[in-house]
Amino acid sequence: MRYLPKSPAERDQMLEAIGAQSIDDLFSRIPERYRLQAPLKLPGPYSEAEIVRYFSERARENSVGYSSFLGAGVYNHLRSVVTDTIIQRGEFLTSYTPYQAEISQGTLQAIFEFQTLLCQLTGQEVANASMWDGSTATTEAVLMAERLTRRRRILVGRSVHPQYRDVLRTYAKSSTLEIEEIPFGADGTINQGSLESQIRDDVAAVVAQSPNFLGAIEDIPALAKTTHSPGALLIVAVTEGVSLGLVRPPADADIVALEGQSFGLPPSYGGPFLGVIATREKFVRQMPGRLVGQTVDTDGRRGFVLTLAAREQHIRREKATSNICTNQALCALAATVHLSLLGKQGLRELAHQNLSKAQFALAKLTEIPGVRRPFGAPFFNEFTVALPRPVEDVNRQLLGEGIIGALPLEPLYPELANHGLLCVTEATSRGEIEKLATALRAALAAVQVEA
Amino acid sequence: MSDKITKATRHVSQNEGLIFEKSSPGKRAFDLPSLDVPPVDPQEVLGDRHRGEGVAGFPEVSEIEVVRHFTRLSTWNYAIDLGMYPLGSCTMKYNPRVNEFIARLDGISTEHPLQPSELSQGCLKILELLEDCLREITGMDAVTLQPAAGAQGELTGLLLIRAYLESQGDPRKTVLIPDSAHGTNPASAVIAGYRIENIQSDSRGQIDLAKLRERVTEDVAALMITNPSTLGVFEQRISDIAEALHSRGALLYMDGANMNALAGITRPGDFGVDVMHLNLHKTFSTPHGGGGPGAGPVAMKKILEPFRPIPVLIGKRNGELALEENRPQSIGRVKAFSGNFGVLARALAYILAYGPGIRQATEDAVLNANYIRKRLEDVFDLPYDLPSMHEVVFSDAWQKATGVNTMDIAKRLIDYGFHPYTTAFPLIVPGAMMIEPTESESKEECDLFVEAMRAIAREASSNRELVKQAPHTTRVGRLDEVTAARKPILRWKGTDHSAA
């Protein structure tokens, strides 16, 4: 087998050195009746060419060639080939968690840079590296707020990603947390009046997402004011990090839970992505996840180490701030490379293209009779549209034109029948937007004729 | 550099500051295609309330500087691609490059998790085949691929147990965990809402069966066991342990971190385990990437299947595959979307490369560990002498008299060109030296490691300070971790320009 670096003769020499008659001797502690007598029924062994062929065949059974307008927490952005080139360097790809600092300075310094970039982006003072994804980062932010406030009630906007709310409910079921939802108002953002009536001094945290799941940008300063008055913490989830190139960062939040997929990671059918928690320095000892700190070596040279490990499971066991161990370090490196490439100008231009294309798409689509945007709040690169027909029906016709249309919202929000969520990024061409508009117009017109 | 160090030598290591320290206004490393729609005025679209000022402090550098910056950083790391990485419990094996290639194919990396299932059949077939393979390897009835990492697999497994017991009208509050367990076990059990009771290992490092029987009350939901244990020893009485739990209505959870000792040889499902997680970034070769990403699928017996987290992979009547969300008995969602798909695809590529021959990988992993044990047992103390599987745990007891401890020996290994073994774990071994070579090491590499360890053992008595002050060949010496934790500097603030 090509991955195994031993000849039969070498195996024999090693067995002889051990003093074993056969390899089976080394497994003698496993009771005979549990030792497999027949080979496992697994496909293979495959050569490298056969492996590539298998996955290439599977790839062709997916959506190659379709134009997609899906976002909803996973975004199709342009990525420089530099990012993947760097993260495939064996020294990054095939190294472990940097516990042995002297021979892990590359990973450690890159993480330190990542933490800095994320602080700059979110307007927070400290960022970890990393959580599993945005959904688990949001849940961990809530658990962190519970520890910080010693309160148990959590208010979560219904405009927060439905899957993020699901994950929070899963974790809450085995805790003492009480989750309550805050409705959204006519403009698509959290209803301030409802929040004011729901918030009390037993609330640990208010959770908002911005831009929210419906695409609308939340009024973070206003939410912070209402949240802080009874001493609760504001948690802001960000699923589309590119928005931070133009949209005011959630600096008024106490904890930011960010999904970093937009920073150089492909959609990859849902993962691996990149969760991050950013917060204020005073909360750092209740933070989950790994942190890198700057220090000096025995000769006074600058160096970096994993630090504040007394929060973590390998030291504190059942008293740790989280059970997280393996995280998304290579994804954090990808984001560090990607953001370094973008730089200050690049991020702003990228955000501007997203904003411009989404505005163009909205204008094109709302020219079509019966298509409107129901919510008035400003949006970034995603927006909700209301159609005169069920979105699923329309989507079936669009698929025939090679287009993956809006995400149907009714299964997630029963009150939003015939509503869909559309996303347009810098990777969406004007031609694709115009094709969508033409196909949507035809799909809706065809039904009018039938009617 | 000592002339007896044969594996490593010196080479030039480039200095490099922080990326922020290379920044100069106007430099850039990325160009977008020109905008093909009318540009909007952000002020007008977003309004005063939402318009940001732009990110302050972001670096402005060119492409060559980015490439050099990260390439230079990379050279400061040790890696499997450079040599043996014998971290016990971490299974640092070769990460096949074809796995990276297939995960990046158009039609694999490009797919959106919410796209229609009829346009996702390729992805879903990959998930289906991986589920089938993991069921076969573990001897279990059902698998969920959702958990993002081993610790989330533990949590998921415990939530399955909880949901099952509650459905039986028999909610229980306690989980038993051996003192040799990974730290994630108790941390996960607490999140799952359980009270922890630690159980002491017996004098041979095994589960004390008689004591266990006393501890399994009607309040015990499960025992979390690692098998082989973190000492690298197979729990020979595993079926008695399972019986002790089952007879009192409790379940057996297995931490599958050490599955690299078992794949193709024996199956947890056959020896009484009810639920277990696998670390695909250990046994199934997906790269550790400096700490992640991983994936922590959970394999289970039939009684737990109804409670699997959503989404659940199903076959539809028309023969197509789909992800089902509507599962009333499910524990819920543990992570957004459909697992760490890219990691899952890599693990499948690994399994396909071996097929049934995965047994040979396991045999070689166990052969390497036993070979190293045999060749070192006259110079290092072996606190527990039961036969080793895929890893061996020595202690620094024989060196301690000279003032040299496990951390010193580990640091000195760096000078010899190796990554250190795992230090200070498992907790039941004071001064532990936990060595897991994996199957990826040749006899030559194992021999070099053995010679390095033997040389360091000699140095411990002949040249104590050489070992105490190690490493001597790295770009930085031992770092001040105490100050790092007391006065944390967790981001660059633009004030420190000292050279790296």
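All chains are named by letter (A, B, ...) in the order of the sequence lines, taking the proteins before the strands, and each is independently numbered beginning at 1.
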B:E60, B:R359, B:Q360, B:E441: which one forms the most heavy-atom pairs within less than 4.5 Å of chain A? B:Q360
Under 4.5 Å from any heavy atom of chain B - which part of [X]:
| X | answer |
| --- | --- |
| A:Y164 | side chain |
| A:L407 | side chain |
| A:L342 | both |
| A:L339 | both |
| A:S130 | neither |

Looking at [X] and [Y], does any basic side-chain N land under 4.0 Å from a carboxylate oxygen?
| X | Y | answer |
| --- | --- | --- |
| A:E281 | B:R491 | yes |
| A:E57 | B:K125 | no |
| A:R89 | B:D81 | no |
| A:R430 | B:D36 | no |

Would you please say whether a donor-acceptor pair under 3.5 Å links the side chains of [X] and [Y]?
| X | Y | answer |
| --- | --- | --- |
| B:H69 | A:S340 | no |
| A:S63 | B:E111 | yes |
| A:Q163 | B:K335 | no |
| A:Y34 | B:S239 | yes |

Quick one: does A:T295's side chain have a donor or acceptor within less than 3.5 Å of a partner on B:L479's backbone? no
